[in-house]
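Okay, structure first, notes after.
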Amino acid sequence: MTAPPRYEYVKLADAIAAEIAAGKLPQGAALPGERAMTELYGVSIGTVRRAVVELRKRGLVATLPAKGTYVIGTPESPADPGSGD
């Protein structure tokens, strides 16, 4: 059985979430503008916009009108199954 195809905006959101988790985009950092992200990631502006919406749903970024989009959280790591707490 094959996995369903992942949408481009989900792939982009996952890539940005990974950058946040790795500390490349620390809390409080501004994401590049939409046009810059289209060039940086080689995707359409619609894909960038949907990816930002996905990141907002995940609680990782917040968008301030006329200011930009900023990192406000980090992806939660899976709980350590051996912790016993």
Side-chain angles (χ1 to χ4, degrees):
M1 186 171 200
T2 61
R6 289 183 34 209
Y7 293 105
E8 284 299 313
Y9 78 93
V10 175
K11 292 179 188 177
L12 178 56
D14 289 346
I16 295 170
E19 290 181 17
I20 294 169
K24 292 180 183 177
L25 288 170
Q27 195 162 359
L31 266 58
E34 289 179 343
R35 287 189 186 110
M37 283 199 284
T38 63
E39 293 178 15
L40 183 64
Y41 295 105
V43 296
S44 71
I45 197 157
T47 299
V48 168
R49 289 177 178 161
R50 289 185 73 181
V52 170
V53 169
E54 178 67 21
L55 291 168
R56 280 200 304 261
K57 287 180 183 177
R58 296 181 191 183
L60 300 178
V61 301
T63 301
L64 303 173
K67 299 288 184 186
T69 301
Y70 296 87
V71 177
I72 61 167
T74 56
E76 292 187 22
S77 58
D80 181 7
S83 67
D85 289 330

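Residue indices begin at 1 and follow the sequence shown. These numbers come from the heavy atoms of this one structure, side chains and all, not from hydrogens, waters or symmetry mates.
- Shortest non-hydrogen contact noted between Leu55 and Ala13 is CD2-O, 3.5 Å.
- Counting only residues at least two apart or in different chains, salt bridge (charged side-chain N to carboxylate O under 4.0 Å, His left out) contacts with residues 28-49 comprise Glu34-Arg49.
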Contacts under 3.5 angstrom, residues 66-75 side chains, donor-acceptor by atom type, not counting sequence neighbours:
{"from": "Thr69", "atom 1": "OG1", "to": "Thr63", "atom 2": "OG1", "distance (Å)": "3.0"}
{"from": "Tyr70", "atom 1": "OH", "to": "Lys67", "atom 2": "O", "distance (Å)": "3.3"}

May I have the list of side-chain donor-acceptor pairs in residues 14-23 shorter than 3.5 Å, sequence neighbours left out?
{"from": "Asp14", "atom 1": "OD1", "to": "Arg58", "atom 2": "NH1", "distance (Å)": "2.9"}
{"from": "Asp14", "atom 1": "OD1", "to": "Arg58", "atom 2": "NH2", "distance (Å)": "2.7"}
{"from": "Asp14", "atom 1": "OD2", "to": "Arg6", "atom 2": "NH2", "distance (Å)": "2.6"}
{"from": "Glu19", "atom 1": "OE1", "to": "Tyr41", "atom 2": "OH", "distance (Å)": "3.4"}
{"from": "Glu19", "atom 1": "OE2", "to": "Tyr41", "atom 2": "OH", "distance (Å)": "3.0"}

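- Taking Thr47 as the reference, Ser44 meet the side chain to side chain donor-acceptor pair (under 3.5 Å) condition, with sequence neighbours excluded.
- Cluster partners of Val10, by chain and number: Tyr7, Tyr9. The rule joins Ile, Leu, Val, Met, Phe, Trp and Tyr whenever side-chain heavy atoms lie under 4.5 Å apart.
- The local environment of CZ in Arg56 is crowded, with over 12 non-hydrogen atoms from other residues, nucleotides or ligands closer than 6.0 Å.
- Hydrophobic clustering of Ile, Leu, Val, Met, Phe, Trp and Tyr side chains at less than 4.5 Å, counting indirect connections, unites Leu40 with Val43.
- In this structure, CD in Glu54 is found 10.5 Å from CG in Leu12, a value given to the nearest 0.5 Å.
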